[in-house]
Amino acid sequence: MKNQKTQKIRRCYKKSVWPSLALFVLFGCSCVGMVLTFVIGFQGFLVDSKISKIQENARNLGRMLDSYTNNGQRTIFEAVTIIERFLDEESDICITDENDQVLQYFGKTAPDFERAQNITIFDPYHIIPDLHLPGGERKLLLSFRELVGRSIDALKKSSYQDNDWMEEPLFHTYYWVNVPVKVEGYHLYYRDSLTILQKNVFFMNAVILIELLLLGIPALLLLLNVLSSIAMQKRMVLMLHQDPVTGGNNWNYFLEQSKRILCQFRNTNHTYAVVNLHMIRFQDYCACNGIKEGDALLKKIDGFLKANMDRNETYARFARADFGLLLRCESVEQSKKRLKKLLVELTGIKKDAMMSFSAGIYVLRPAANRKERRRRQIDIEQVYQFASAARGAMRGKKGEYIKVFDQQILQEQMWKHKVEETMEAALLGGEFQLYLQPKYHPVTKKIVGAEALVRWISPEDGMIPPNRFIPVFEENGFITKLDDYMISQVAKLRSEWKIQGRKMVPVSVNVSRVNFVKEDLAEHICHLVDGYGAEHSGIELELTESAFYGNKELLKQILKKLKMYGFNISMDDFGAGYSSLNSLKDLPIDTLKLDMDFFRGDDSLERGEIVVKETIRLAKALHMSIVAEGIEKKEQVEFLAEQGCDMIQGYYFAKPMPVSEFNQLAERDC
């Protein structure tokens, strides 16, 4: 679910940025194209209009020449002499023969045909640039940049009070135009000028500026939209990667950053350690100092870790007071040494508080194949779980604070995985067997009850003891299904006893604490038992002392319903934890089951006997029966008999056994 949420947020901020950015780039390119098209088009239009004017003058000259030489009235030379009077001073005329040899020219210059080999043709007339211009002007036309440059220079030199500054020429050149004539054997060339004025460029620049202004407003709005989208993207990234408690990195960031670091080519040949760092008794710290102080402490730890991370390393808070670290190291010993230093420094991060930390390590060694460019298929979450498993393996071991994930822990993880993979099929296949351990009266030595215990008999692994699978079931929640199965089996067994006419003794069955969050638990148990027609009074429901630490009001409500339905209630392992006498006062309990640790050890035997004696006396005063479990010695049986204990359960009398053996034992006991 968390990964799906992360993917949705990523898609959201990607969609918010890329369309705006693409639209901005597309619009920008369109604006540039429009401006360039306008510049080229305007410049071409300006030149074409002026060249058209030159060509029109040439046509008029040709028509005049044809009229004067019509039907041989005048020679071409005489006709040109007459026409030349009507032209201005800058217009020259040249007459050549068929080989373009100059015969006569009227004016100051004649065209140089030898130096004008590659000439530009403007249909329908042949135009030759004049190569004898003063100042060396030889270009057919200036570029736009040169025109603008000349315009700016002219503006700097001219006075804005001068009314003629717009008429100042920026470009001036001459062209020889071939004028077709009807007189055979002669060519006529006409010299005319092309001039670009300041006002031509000024108006063009003015239009360009207006165009840029009109296009710039939407471009600016698009740019602001892109910047806003980028800012939104950064805020989303911050939301995605920021821990709400510490303000530092969160777990999503750690997973992405760790994978990125480990898969980089330059890190392939380095050893890395994935660490589960845990503050011990953080909940007690919060209980003493308050939640705000607890959050402030987590912020300090976050800041300390940030200051101690090197390049190509990362960290993040996982949950509560657990942090994930990715540390670069060259060996396992180096990682342990560095972590030991970190733990020592962390214990002194808050001088007015006693703190302790533990750490589990999973080592990622360099890629086995050196030819590989990078590590592949790294499941960071699974690796972190291995590191957590290594830390969990230290529970109950004093003086040990750093543990490296090893083969033994791996086998435990593999076993846990195997249990989870096969538990459903095992339940359906009847691999969980009902065993009974008799309860004896300490004086008569007769069977007065039994406790239902579960044994997993696997075709592959044989008899699996409860301590190998019950903790796994309690962790993954499968224990509720197993409880239902055991209650049903006990109800079925008592129905069979009744039909077979066997000795009917009460049978107790454990109900896990995780079941006591169901408001309809009492009705559910009734439904299971009633399905086999068993009497409620012959079934005793055992709950451990840890069940009393949950929702006490809900627990009280459930137990009252169970009592109303006729079930007996037993508190198992009384004294194993920090038992509350309020539980005995407030809850409808029928039986106390003394923990076996009361009867073990020789150092405090006398004090233990006093506690057991007073507990039995208290239970009798509250009209509760007493069961002592784990009894293995005759002296213990005699002591409990003297104190008035009601039932004894333990290896002194009998171990847990299959139902068939219990039935045989019960028959002999009658």
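All values derive from a computational prediction rather than experimental measurement.
Ion pairing of E56 with R63 is present here, as a side-chain N (NZ or NE/NH1/NH2) and a carboxylate O approach within less than 4.0 Å.
For D322, the salt bridge (charged side-chain N to carboxylate O under 4.0 Å, His left out) partners are R391, not counting sequence neighbours. In terms of the side-chain contact (heavy atoms from CB on, under 4.5 Å) criterion, residue partners of Q407 (sequence neighbours excluded) are, by chain and number, L410, Q411. Q385 meets the side chain to side chain donor-acceptor pair (under 3.5 Å) test with no other residue; sequence neighbours excluded. Under the side chain to side chain donor-acceptor pair (under 3.5 Å) criterion, K416 pairs with E475, not counting sequence neighbours.
Taking all atoms of both residues into account, the shortest heavy-atom contact from A387 to V274 is CB-O, 3.5 Å.
Between E420 and N476 the shortest side-chain heavy-atom distance falls below 4.5 Å. Side-chain atoms of L342 and F357, non-hydrogen and from C-beta on, never get closer than 4.5 Å to each other. A heavy-atom distance below 4.5 Å is found between the side chains of Y285 and L297. Under the 4.5 Å side-chain criterion, counting only non-hydrogen atoms from C-beta, L364 is in contact with L262. Put simply, the side chain of Y362 does not reach to within 4.5 Å of the side chain of V404, judged on heavy atoms. H278 is not listed as a side-chain neighbour of F318, based on a closest heavy-atom distance of 4.5 Å or more. N249 places none of its side-chain heavy atoms less than 4.5 Å from the side chain of D243.
S258 places no side-chain N or O within 3.5 Å of a backbone atom of L255 that could act as its donor or acceptor partner. At least one donor-acceptor pair closer than 3.5 Å links the side chain of R317 to the backbone N or O of R320. No donor-acceptor distance shorter than 3.5 angstrom exists from the side chain of N99 to the backbone of Q101, with no hydrogens or angles considered.
Between the side chains of Y384 and N276, at least one donor-acceptor pair of N or O atoms lies under 3.5 Å.
Within 6.0 Å of the CZ atom in F106, the count of heavy atoms belonging to other residues, nucleotides or ligands exceeds 12.
Using cut-offs of 30° and 60° on the angle between ring planes, the pair Y189 and H187 is perpendicular.
Residue pairs meeting the side-chain hydrogen bond (donor to acceptor under 3.5 Å, both in side chains) criterion with at least one partner in residues 303-315, sequence neighbours excluded, are D302-Y315, E313-R338.
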Just list the side-chain donor-acceptor pairs under 3.5 Å for residues 323-334, sequence neighbours left out, or say none.
| unit_1 | atom_1 | unit_2 | atom_2 | d |
| --- | --- | --- | --- | --- |
| R328 | NE | H270 | ND1 | 3.4 |
| R328 | NH2 | H270 | ND1 | 3.0 |
| R328 | NH2 | H270 | NE2 | 2.4 |
| S331 | OG | Q334 | N | 3.2 |
| Q334 | OE1 | E330 | N | 2.4 |

